[in-house]
Asks: 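Handing you a structure now.
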Amino acid sequence: MEKTGAARGVSGEGEAITLQGDRLSVPHRPIIPFIEGDGIGVDIWPAARRVLDAAVEKAYGRSRAIVWQEVLAGEKAVARLGAGQHLPEETLAALRQYRVSIKGPLTTPVGGGIRSLNVTIRKKLDLYACVRPVRWFPGVPAPVKHPEKLDVVIFRENTEDVYAGIEWASGTPEAGRVAKFLEGEMGVRLEPDSAIGIKPMSPRNSKRLVRRAIRYALDKKLSSVTLVHKGNIMKFTEGGFRDWGYEVARDEFPHETVTEISRGEAPVIIKDRIADSMFQQILLRPDEYSILATPNLNGDYLSDACAAQVGGLGMAPGANIGDGIGVFEATHGSAPKYAGKDVSNPSSLILSGVMMLEFMGWDEAAQIILKAMAATFEQKTVTYDLARLMPDARQLNCSEFAGAVVKNL
C-alpha cells in the first residue's frame, strides 16, 4: 500500500512507531495508516489530512512529518478486492504493526448484513477503551443555555456488554436450544420464538477500563471519575461494573482517590450514578462531572447525548485505545447521500486527529489545531450543518472549511 510524505519537502521512507515498556516511541516520520471511510469519508478525510499536515509543519517545520499509508476497509475494500473483503487481514495487520492510525466512518447495516466493522476492529485489536472527549467551542450553536458547562471525557468499555454480538434470531434452532437450556436448567421462562442475546461483563475488562480512566484523570488533573451503570436492575453485570470500578480505586489508587462518602482528601473523587439519572445530571449539572466511565451500551448513548449539547456528532471526536495501540475515528455515520458533495463537516475527524497527535506526544501540533478551529468558529465560517443555525454565518463547503482552519494556524 502506498506511503506518501505528509508535508512539503519531506522525502524518504517513514518508520514504525514502537512500544518501549508501556510508552510509545514515536520517530520524526512515523508511518500512520488511514482508512478513508465510506460515504462522506471521501470528503472529510482529505480535509482532515490537510489540516493535520499543515499543523505538523507549522509546529515542527520540516523536522517532523507524518508518512500516511492507506489501508482498505468497508466499501472501498470490497470495490478493490471483491465481495466479502470488508476488513482484510492485511488492514488489521497494518493497524496492529504501526500502532497509531485514523479512520473515517464505516457503514454498519441495520438488522441483517455484516457485523459492525468498527466493533470488529475494536475486538480484533483489543481496543478496550472508547475515549470520547466532549467540549464546546465558543460560537458553535448549541440547544442548551450553557454549553460551556459541559466538558467531559467518556471512557466506554469497548469489548463486552451487548456489543459482544452473542445473539440468536427469533425462531432459529440455535435460539431454541438456548431457550431450552434456560428453561430446563435455569428455570427461566421465555416467550415462544424469543430472540435471545447474551450480555457478558467481566471483572478483568471492566477494571482495565476504569484503571485507564483514573490514570487519565490523574495525568490531566481532572477532579472526578463517575461510574455509570444500571446496577439497580442488572445487578451482576452493570452492578458488577460499579463494584469492580470501586475495587480498582481502592486497591490500586488508595492515596490518589476517595469516594463521595469517604473521609479525607485526594486528587480524584470516585462517584457512581444510575444510567438514567446520569442523562438528567448531564443536562442539569454537567459541570459536576469530569470523566464518565461506562459499560459499552451506556457509553454509546451518553456520548451521543453529550455531543448533542455542544453542536452534535459533527463536533465529537473519538478514539479506540488499547495497551500501546490506538485507532482514532470520526464518531458519526457515513451519510452516503452526501458523499462526494463536499458539504459535510470534517470537525469530528479533525478533532480525532488532535487526539491522535496528543497520543503520539505531539502536543504542540494538537494545540495549534484547537486554537485554529476555535478561531474559525468564532469567525462564523462554518459548514452547512452549523451555518443554518448561526445568524450571519458564512457557509463553506468541506474543503473550504479545512482551508479556513489552515489559514488560522
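No hydrogens, no waters, no symmetry mates; every other heavy atom, side chains included, goes into these values.
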Asks: Side chains of Asp53 and Trp68: is there a donor and an acceptor less than 3.5 Å apart?
Replies: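 A pair is found: one side chain offers a donor N or O, the other an acceptor, under 3.5 Å apart.
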Asks: Side chains of Asn118 and Lys103: donor-acceptor distance under 3.5 Å anywhere?
Replies: yes
Asks: Taking it one step at a time, do Arg211 and Asp251 satisfy salt bridge (charged side-chain N to carboxylate O under 4.0 Å, His left out)?
Replies: CA-CA 11 Å; Arg211 182 181 300 118; Asp251 297 342; over 6 Å; no
Asks: Under a 4.0 Å N-O cut-off, is there an ion pair linking Arg132 with Asp304?
Replies: yes
Asks: Quick one: does Trp362's side chain get under 4.5 Å of Val26's, heavy atoms only?
Replies: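 Contact flag for Trp362/Val26 side chains = yes.
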Asks: Compare all side-chain heavy atoms of Ile198 with those of Pro200 and state whether any distance is below 4.5 angstrom.
Replies: yes
Asks: Using a strict cut-off of less than 4.0 Å between a Lys/Arg side-chain nitrogen and an Asp/Glu carboxylate oxygen, indicate whether Arg215 and Asp219 qualify as a salt bridge.
Replies: no
Asks: Could you check whether the rings of Tyr338 and Tyr384 sit parallel, tilted or perpendicular, using 30° and 60° as the cut-offs?
Replies: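 Rings of Tyr338 and Tyr384: tilted, as their planes differ by 30° to 60°.
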Asks: Report yes or no: do Asp43 and Ser344 form a side-chain donor-acceptor pair below 3.5 Å?
Replies: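 Side chains of Asp43 and Ser344: no pair found under 3.5 Å.
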Asks: Is any side-chain heavy atom of Lys76 closer than 4.5 Å to a side-chain heavy atom of Glu70?
Replies: yes
Asks: Taking C-beta and beyond as the side chain, do Glu36 and Val42 meet within less than 4.5 Å on heavy atoms?
Replies: yes
Asks: Could you tell me if Asn296 and Glu160 have a donor-acceptor pair between their side chains, going purely by distance under 3.5 Å?
Replies: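 On atom types as modelled, these side chains do not qualify, holding no pair under 3.5 Å.
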Asks: Assess the side chains of Thr376 and Thr381: does a donor N or O sit below 3.5 Å from an acceptor N or O?
Replies: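 No, because no side-chain N or O of Thr376 sits under 3.5 Å from a partner of the opposite role on Thr381.
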Asks: Work out which heavy atom in Ser348 is nearest to a heavy atom in His332; give both atom names and the distance.
Replies: CB-CD2, 3.6 Å
Asks: Examine distances only and state if a side-chain atom of Lys380 and a backbone atom of Pro391 form a donor-acceptor pair shorter than 3.5 Å.
Replies: yes
Asks: Nearest heavy-atom pair of Thr159 and Lys123: which atoms, and what distance?
Replies: O-CE, 4.2 Å
Asks: Salt bridge or not between Arg29 and Glu15? Use side-chain N to carboxylate O under 4.0 Å.
Replies: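 Here Arg29 does not pair with Glu15 in a salt bridge, since their nearest N and O are not under 4.0 Å apart.
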Asks: Is Asp323 paired with Arg212 through a side-chain N to carboxylate O contact shorter than 4.0 Å?
Replies: yes
Asks: Taking C-beta and beyond as the side chain, do Ile270 and Phe253 meet within less than 4.5 Å on heavy atoms?
Replies: no
Asks: Decide yes or no for Leu370 and Val354: does some side-chain heavy atom of the first lie under 4.5 Å from some side-chain heavy atom of the second?
Replies: yes
Asks: Looking at Glu238, Met201, Met278, which one forms a side-chain contact (heavy atoms from CB on, under 4.5 Å) with His229?
Replies: Glu238
Asks: Do Phe241 and Leu209 have side chains that get closer than 4.5 Å, going by heavy atoms?
Replies: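 Answer yes - side chains close enough.
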Asks: Does Phe34 reach the side chain of Gln69, with side-chain heavy atoms less than 4.5 Å apart?
Replies: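 The answer is no; the side chains never approach within 4.5 Å.
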Asks: Looking at Val343 and Thr383, what are the two nearest heavy atoms and their distance?
Replies: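 Residues Val343 and Thr383, closest heavy atoms: O-CB, 3.9 Å.
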Asks: Anything under 30° is parallel, anything over 60° is perpendicular, the rest tilted; go ahead and classify Phe279 against Tyr301.
Replies: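 Aromatic pair Phe279/Tyr301 classed tilted.
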Asks: May I ask you to decide whether Arg208 forms a salt bridge with Asp126, counting only side-chain N to carboxylate O separations under 4.0 Å?
Replies: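 Answer for the salt bridge query: yes.
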Asks: Hey, are Glu260 and Arg273 close enough for a salt bridge, meaning a charged N less than 4.0 Å from a carboxylate O?
Replies: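 Arg273 and Glu260: salt-bridged.
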Asks: Tell me, please, whether Tyr289 has Lys271 positioned over its six-membered ring: NZ or CZ under 6.0 Å from the ring centre and within 45 degrees of its axis?
Replies: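 Output yes; distance and angle both within limits.
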Asks: Main chain of Cys130, side chain of Glu157: is a donor-acceptor contact present, judged purely on distance under 3.5 Å?
Replies: no
Asks: Kindly indicate whether a cation-pi arrangement holds for Arg156 with Tyr163, taking the cut-offs as under 6.0 Å to the six-membered ring centre and within 45° of the axis.
Replies: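 Yes; both conditions hold, so Arg156 lies above the ring face of Tyr163.
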Asks: Run the salt-bridge test on Asp161 and Lys199 with the 4.0 Å N-O cut-off and return the result as yes or no.
Replies: yes
